[in-house]
*Asks:* 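Pasting in a structure now, in structure tokens, and then I'll have a few things to ask.
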Amino acid sequence: MAQGALRGPSDYSSEPPRHPSLRINAKEPFNAEPARRDLVASYITPVDLFFKRNHGPIPVLDDIDSYYVTIGGLSGGPRRLSLDDIRKLPKYNVTATLQCAGNRRTEMSKSRKVRGVGWDVCALGNATWGGAKLSDVLQLVGVPYHTEITPSGEKHVEFISVDQCPEEKGGPYKASIPLGQATNPAADVLLAYEMNGEVLKRDHGYPLRGIVPGFIGARSVKWLDRIDIIEEESQGFFMQKDYKMFPPSVDWDNIVWSTRKPQMDYPIQSAICSLEDTSAIKPGQITVAGYALSGGGRGIERVDISSDGGKSWFEAHRYQKQGVQYVAGNITSDKWAWVLFKATVDVKGDTEIVVKAVDSSANVQPESVESVWNLRGILNTCWHRIRLLATPNLRSSM
């Protein structure tokens with residue numbers, strides 16, 4: 001614990017209140033996601049319904065005026081910046097979707113057992129984050145824009161929190177991103193102090209957090225204590241022994257963590273949220289709705305729906321902001337954010353509804369979960385399938 005103002009408790013006696021509708025996947029540390037229908041009810045996810053992903057007790061800030069973040073690894077020695085210092089820099093609002101790399105893990109585990117917190121399809125959320133660009137903060141302390149490597153050889157920026165994580169033997173969560181990305185204003189990496197126009201809530205990183213758009217959520221570190229300019233990638237547990245993509249042939253007996261790079265941006269993903277995995281419905285027209293997103297700022301070119309288990313396909317309607325036509329890559333679209341979709345399907349009997357998305361690089365989702373199975377259950381991006389049971393006597397259609 002590097003400073004007195006912000007501290008990571010060692011127990012769960014100071015947890016914040018949570019919305020009662022959240023589906024709790026683990027109580028301590030608290031990990032929860034919203035119901036499917038709640039998630040896609042709006043383009044911007046309400047803070048209370050935004051998924052909660054934690055690795056230890058939620059930190060406590062005792063005195064906002066005493067809080068500072070330390071920038072280390074600088075040629076002139078470390079610099080301390082208060083929240084006021086960061087607020088004096090130009091403020092940017094960036095709409096970006098954060099998705100846990102373990103989203104849809106429960107489904108993958110049904111194919112073959114994996115380790116990790118179980119998640120349905122709602123371990124993600126879309127918010128408008130407000131704060132200073134990390135590129136501006138680094139320039140303020142002497143690291144120019146578009147610096148890939150410093151004169152003394154540093155190539156990465158490490159975010160260090162104050163939470164106490166069992167995986168770090170009680171130490172803080174940490175992760176890093178390439179320095180070239182951190183110093184590129186167009187990458188929109190933020191030190192955020194607001195979420196959806198309000199001060200960050202404790203669950204989401206109060207008073208200050210990193211937001212790394214287009215990357216898996218694990219790189220957007222909450223409750224910032226330090227930001228260090230370093231030579232090699234962070235050696236933290238969650239960079240070196242977690243959140244790496246291994247082939248289906250690797251198991252816990254033959255895994256060698258160092259053979260894979262830490263996962264950064266995420267692949268093309270989509271899921272249906274208007275129906276549960278098995279749904280009884282009255283025959284007739286139903287609405288199929290959900291989300292699609294890709295990493296790295298890639299847009300969504302197409303969302304394909306099948307009402308016959310994948311034999312034939314048609315396109316769903318894609319949208320983001322109300323009244324604005326979504327066009328992948330257009331200036332009016334949010335490049336770091338998900339795209340919602342809707343389609344009408346005529347159901348006559350028992351069938352399987354399937355969704356798959358295509359991004360602006362023509363990346364497509366794999367058909368089967370077996371092809372992407374990995375022992376940690378990350379990046380399950382296979383076609384999402386819904387089994388419909390036509391039930392004529394059902395009182396109301398879904």
Side-chain angles (χ1 to χ4, degrees), residues 1-16 26 28-31 50-64 66-73 78-83 86 96 98 100-102 117 127 129 131-132 134 137-138 156-177 181-182 189-195 199-213 215-230 233-243 262-264:
M1 187 167 60
Q3 60 170 297
L6 182 63
R7 56 186 172 86
S10 56
D11 61 43
Y12 292 91
S13 61
S14 305
E15 293 290 283
E28 294 180 355
F30 191 81
N31 289 281
F50 205 94
F51 79 105
K52 319 293 180 198
R53 177 70 177 115
N54 298 299
H55 294 275
I58 305 301
V60 175
L61 181 66
D62 291 318
D63 177 18
I64 187 72
S66 303
Y67 170 78
Y68 55 84
V69 62
T70 302
I71 317 281
R79 286 275 302 272
R80 286 183 177 184
L81 296 180
S82 69
L83 208 51
I86 291 165
L98 291 188
C100 176
V117 175
W129 308 94
L134 179 56
V137 173
L138 293 177
H156 300 270
V157 175
E158 182 178 46
F159 302 107
I160 304 174
S161 182
V162 296
D163 54 345
Q164 295 191 30
C165 303
E167 297 90 342
E168 292 283 9
K169 299 180 174 57
Y173 188 102
K174 52 182 88 163
S176 65
I177 63 171
Q181 181 178 15
V189 180
L190 293 185
L191 295 190
Y193 43 80
E194 285 181 7
M195 180 180 182
V199 172
L200 283 173
K201 294 278 173 62
R202 285 179 58 209
D203 258 329
H204 298 290
Y206 176 76
L208 192 68
R209 70 170 298 166
I211 293 292
V212 186
F215 274 23
I216 63 170
R219 310 304 172 218
S220 290
V221 178
K222 297 184 278 190
W223 313 295
L224 287 175
D225 178 43
R226 289 186 64 91
I227 298 169
D228 287 338
I229 318 296
I230 55 176
E233 286 169 343
S234 169
Q235 295 304 299
F237 178 91
F238 298 101
M239 285 287 287
Q240 299 304 327
K241 295 199 169 179
D242 204 351
Y243 299 121
Q263 187 66 35
M264 291 299 187

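Position 1 is the first residue of the sequence, and the numbers go up from there. Reckoned from all heavy atoms, side chains included, excluding hydrogens, waters and symmetry mates.
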*Asks:* Check whether any side-chain heavy atom of Lys174 sits under 4.5 Å from a side-chain heavy atom of Gln235, and report yes or no.
*Replies:* no
*Asks:* For the residue pair Arg7 and Val162, what are the closest heavy atoms and their distance?
*Replies:* C-CG2, 4.0 Å
*Asks:* Spell out, as yes or no, whether a donor-acceptor pair under 3.5 Å connects the side chain of Arg53 to the backbone of Cys100.
*Replies:* no
*Asks:* Evaluate the side-chain proximity of Val212 to Gln181: yes if any heavy-atom separation is below 4.5 Å, no if none is.
*Replies:* yes
*Asks:* Backbone N or O of Ala26 within a donor-acceptor pair of the Glu28 side chain at under 3.5 Å?
*Replies:* no
*Asks:* Which residues satisfy the side chain to side chain contact (heavy atoms under 4.5 Å, CB included) test with Arg79, sequence neighbours excluded?
*Replies:* Leu74, Leu81, Val141
*Asks:* Where is the tightest heavy-atom contact between Pro262 and Met239, given as atom of each residue plus distance?
*Replies:* CG-O, 3.2 Å
*Asks:* Roughly how far apart are Leu98 CG and Met195 CE, rounded to 0.5 Å?
*Replies:* 7.5 Å
*Asks:* For Leu224 versus Arg209, what's the shortest heavy-atom pair and its separation?
*Replies:* CD1-C, 3.6 Å
*Asks:* Is there side-chain contact between Ile86 and Tyr193, with heavy atoms separated by less than 4.5 Å?
*Replies:* yes
*Asks:* Run the side-chain contact (heavy atoms from CB on, under 4.5 Å) test on Ile177 and Val189 for me, step by step, so that the C-alpha distance in whole Å, both residues' side-chain angles and the decisive distance to 0.1 Å come before the verdict.
*Replies:* CA-CA 10 Å; Ile177 63 171; Val189 180; 4.1 Å; yes
*Asks:* If you compare all heavy atoms of Ala96 against all heavy atoms of Pro213, which two are closest, and at what distance to 0.1 Å?
*Replies:* CB-CB, 4.2 Å
*Asks:* So do Val60 and Ile58 actually touch side chain to side chain, heavy atoms under 4.5 Å?
*Replies:* no
*Asks:* Not counting sequence neighbours, which residues clear ring pair (Phe, Tyr, Trp, His ring centres under 6.0 Å) with Phe51? List them please.
*Replies:* none
*Asks:* Between Lys201 and Asp203, is there a salt bridge with N-O shorter than 4.0 Å?
*Replies:* no
*Asks:* Partners of Phe238 by ring pair (Phe, Tyr, Trp, His ring centres under 6.0 Å), sequence neighbours excluded?
*Replies:* His55, Tyr173
*Asks:* Does the side chain of Glu158 pick up a donor-acceptor pair with the side chain of Ser234 at under 3.5 Å?
*Replies:* yes
*Asks:* Search all heavy atoms of Ala175 against all heavy atoms of Val221 and return the closest pair with its distance.
*Replies:* CB-CG2, 3.9 Å
*Asks:* Identify the residue among Trp223, Tyr67, Tyr68 that makes a side-chain contact (heavy atoms from CB on, under 4.5 Å) with Leu208.
*Replies:* Tyr67
*Asks:* Does Phe50 have any ring pair (Phe, Tyr, Trp, His ring centres under 6.0 Å) partners at least two apart in sequence or in another chain, and if so, which?
*Replies:* Trp129, His204
*Asks:* What residues, two or more places apart in sequence or in another chain, satisfy salt bridge (charged side-chain N to carboxylate O under 4.0 Å, His left out) together with Glu15?
*Replies:* Arg18
*Asks:* Test your reading of the model: is there a side-chain donor-acceptor pair from Arg219 to the backbone of Gln263, 3.5 Å cut-off?
*Replies:* yes
*Asks:* Please round to the nearest 0.5 Å and tell me the distance separating atom CD1 of Ile216 and atom CE of Met264.
*Replies:* 8.0 Å
*Asks:* With a 4.5 Å cut-off on side-chain heavy atoms, are Leu190 and Leu134 touching?
*Replies:* no
*Asks:* For residues Pro172 and Ser161, report the shortest heavy-atom separation together with the two atoms involved.
*Replies:* CB-O, 3.0 Å
*Asks:* Hey, is the main chain of Pro29 close enough, under 3.5 Å, to the side chain of Asn54 for a donor-acceptor pair?
*Replies:* no
*Asks:* Run the salt bridge (charged side-chain N to carboxylate O under 4.0 Å, His left out) test against Glu194 and tell me which residues pass, sequence neighbours left out.
*Replies:* Lys91
*Asks:* Output the distance between atom OG (Ser176) and atom CD1 (Ile229), rounded to the nearest 0.5 Å.
*Replies:* 11.0 Å
*Asks:* Using 0.5 Å steps for rounding, measure from the CD1 atom of Ile71 to the CG atom of Leu191.
*Replies:* 7.0 Å
*Asks:* Out of curiosity, Asp225 CG to Asp228 CG, how far, rounded to the nearest 0.5 Å?
*Replies:* 9.5 Å
